[in-house]
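A short worksheet on the structure shown next.
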Number of protein chains: 2
Amino acid sequence: MISEKFLMGRGRHELSSEEKQVLEDGIESVRQVPARKQIVRAGDLIDTSTLLLEGFVCRYMDDREGQRQLVAVHVPGDFVDLHAFPMKRLDHDIATLGPVKIACFEHRTLQSITERYPHLTQKLWFSTLLDAAMHREWIFRLGRLGAEGRIAHLFCELNARLEMVGMAADGRYMLPMTQPDLAEASGLTGVHVNRVLRALREKNLLTFKAGEVNILDHKALAAVAEFEPQYLYGYRGD
Amino acid sequence: MISEKFLMGRGRHELSSEEKQVLEDGIESVRQVPARKQIVRAGDLIDTSTLLLEGFVCRYMDDREGQRQLVAVHVPGDFVDLHAFPMKRLDHDIATLGPVKIACFEHRTLQSITERYPHLTQKLWFSTLLDAAMHREWIFRLGRLGAEGRIAHLFCELNARLEMVGMAADGRYMLPMTQPDLAEASGLTGVHVNRVLRALREKNLLTFKAGEVNILDHKALAAVAEFEPQYLYGYRGD
DNA sequence: CGAAGTATTGACCCATTTCAAAGCATGTGG
DNA sequence: CCACATGCTTTGAAATGGGTCAATACTTCG
């Protein structure tokens, strides 16, 4: 089954096997996309939403000088732009980080699902609300934390989410992001991210090398990050 | 009709008169709440969602030292915590800014609405997605703009949203927020907000005095803010 | 091997914070 | 109606976190 991870990182609401089947049948196509490719452009009319099967994608907005601000990072199981279904066009771009495999759903398929399965609809709605909750946490992260906290928080969040889909264990996971990427996700410069990573390394909290994250002291890292995972609804880690 | 502003700031989807009636009938009670009162506490189980009829409320999260970060400001017509319906508990607090009038909807009422009116459900879903779009814009605001841009952006956004519900005209509107409140919404200190407001005043872009905002040069202000209102879906101002 | 992206480091600069103090409203209880 | 408390606004001076600029290494890959 293609959809083993469907919404798996999406907390409280497990899908019933009927619901999984409905979604599985709704897949219009499965595609591979190489790394660093734009998938959706802000403002375009869209009639398809994509579920991420393998790999990582990000959503971002550009400032006037073309500098990116990431607004979300997605992991396998996430319905990346389900919100395009009610919204029809997006206010941001979407691009792959590493190479990915995605499943495409046409909006008319989703339309008929929402008309026939209100219970599943509510789970889909919930999934988009979880994205909003993560957005809020990012607002907090950028508004109230210093550079170390911001980076630490990002790594804590990804650790939690990847654990939920079985892609992280013991604080170790692969993440195809560069230091400038981390900067774009954290409202910092690449140079400063480098210094922050060194500081975290020297405190024996975490290493990040060649796309591999290794959290050495989760408790201390979470303290620096003021990380409290309730906002992920359903994550059961410490 | 109590609900004249229902989702009015919520863009593209005008409600049909039948839908307005369904919502109107769903109101369980209407309450007045004084200024600076907490309405919802993070983590509590909720069985009611509130629609804002008059006044302003904010949503926020506390950091470890109890400092607030606002994650949203709501204006009349907004369904403040509709997301509590699918989510059941919230990851943030909600409080009034000035005195407000709110309408309460029990979740079992909303449940039956979603089962009977898929089309209306989609509009409600859309409304929560608009909040997410505003969250994303705030992430951008905090991550990529300096202090002047952040404050300018906030005033531009509120101007646009209040215009949509007929509460702003010619760049003038009332806003029951203090300078420390603006700081909490912008990831700044109160002291610095004061200096930024002076700078904006001295550039003849905007005045803010005694809760009254007066945008003097909207175009220049929007430039400072890098404000592009597409993310509000349906705002037709410049 | 060379090219291009990525990581690292140093020195200097500036935006914003922090700390401190004073001035203004506003409201409350005596 | 005054006295005092409380919270908001304003300003100054000093400290600092993070940015900018610039140069050098390290990878990876064609």
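A, B, ... follow the sequence lines: proteins, then strands. Residue 1 opens every chain. These numbers come from a predicted model, not from an experiment.
In this structure, A:Gly190 reaches neither bases nor backbone, as no heavy-atom distance under 4.0 Å exists between it and the strands shown. Within the 4.0 angstrom heavy-atom criterion, no nucleotide atom of any strand lies near A:Gly211.
Look at CZ on A:Phe208: it is 7 Å from P on C:dA7, rounded to the nearest Å. In this structure, the CG atom of B:Leu145 is 14 Å from the P atom of D:dG19, given to the nearest Å. Across the protein-nucleic acid pair, B:Asp63 atom CG and C:dT17 atom P stand 14 Å apart, rounded to whole Å. The CG-P distance, from B:Leu142 to C:dT16, rounds to 12 Å in whole Å. Protein atom CZ of B:Arg150 is 12 Å distant from nucleotide atom C1' of C:dT17, rounded to whole Å. In this entry the distance linking CD of A:Gln67 with C1' of D:dT20 reads 12 Å, nearest Å. In this structure, A:Glu212 atom CD and C:dT6 atom P are separated by 19 Å, rounded to whole Å. Taking atom CD1 on B:Ile151 and atom C1' on C:dT16, their separation rounds to 13 Å, with Å as the unit.
For the segment residues 192-201 of chain B, the set of residues with a heavy atom within less than 4.0 Å of an atom of DNA chain C comprises B:His192, B:Arg195, in numerical order. Using a 4.0 Å cutoff on non-hydrogen atoms, the parts of residues 173-183 of chain A near DNA chain C are A:Thr178, A:Gln179, A:Pro180, ordered by number.
Applying the side chain to side chain donor-acceptor pair (under 3.5 Å) test to residues at least two apart or on different chains, the pairs with a partner in residues 202-211 of chain B are B:Glu148-B:Lys203. Residue pairs that meet the side chain to side chain donor-acceptor pair (under 3.5 Å) test with at least one member in residues 65-76 of chain B, sequence neighbours left out, are A:Arg144-B:Gln69, B:Arg59-B:His74, B:His74-B:Asp78. Pairs engaging residues 191-212 of chain A under the ring pair (Phe, Tyr, Trp, His ring centres under 6.0 Å) rule: A:Phe155-A:Phe208 [sequence neighbours left out].
Take A:Glu228 and apply the side chain to side chain donor-acceptor pair (under 3.5 Å) test, not counting sequence neighbours, and it matches no residue. In this view, B:Arg195 satisfies the side chain to side chain donor-acceptor pair (under 3.5 Å) rule with no residue, not counting sequence neighbours. In this view, A:Glu157 and A:Arg161 satisfy the salt bridge (charged side-chain N to carboxylate O under 4.0 Å, His left out) rule, not counting sequence neighbours. Partners of B:Asp217 according to the side chain to side chain contact (heavy atoms under 4.5 Å, CB included) rule, which considers only residues two or more places apart in sequence or in another chain, are B:Leu205, B:Lys219, B:Ala220.
Proximity of the aromatic rings of B:Phe79 and B:Phe105 is defined here by a centroid distance below 6.0 angstrom, and this criterion is met.
For the pair A:Arg150 (side chain) and A:Leu142 (backbone), a donor-acceptor distance under 3.5 Å is present.
To the nearest 0.5 Å, the span separating CG on B:Asp93 from CG on B:Leu70 amounts to 11.0 Å. Within the model, atoms CG of B:Leu154 and CG of B:Leu175 stand 7.5 Å from one another, a figure rounded to the nearest 0.5 Å. Note: B:Glu184 CD to B:Leu188 CG = 11.5 Å, rounded to the nearest 0.5 Å. One distance of note links CZ of A:Arg172 with CG of A:Leu206; it measures 11.5 Å at 0.5 Å rounding. With values rounded to the nearest 0.5 angstrom, B:Arg136 atom CZ is found 10.5 Å from B:Asp131 atom CG.
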Pairwise N/O distances under 3.5 Å, protein to nucleotides 25-29 of chain C:
none

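Overall, the helix from C:dC1-D:dG30 to C:dG30-D:dC1 carries an axis bend of 40° between its ends, with five pairs at each end and the value rounded to 10°.
Distances shorter than 4.0 Å separate some side-chain N or O of A:Thr189 from OP1 or OP2 on D:dG19.
Heavy atoms from other residues, nucleotides or ligands lying under 6.0 Å from CZ of B:Arg64 number more than 12.
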Practice prompt. Apply salt bridge (Lys or Arg N to Asp or Glu O under 4.0 Å) to the pair A:Arg36 and A:Asp181, showing each step before the final yes or no.
Written response: CA-CA 11 Å; A:Arg36 306 283 154 175; A:Asp181 291 335; 2.7 Å; yes
Each nucleotide of nucleotides 25-30 of chain D classed B (base within 4.0 Å of a protein heavy atom), S (only sugar-phosphate) or -, in 5' to 3' order, makes ------
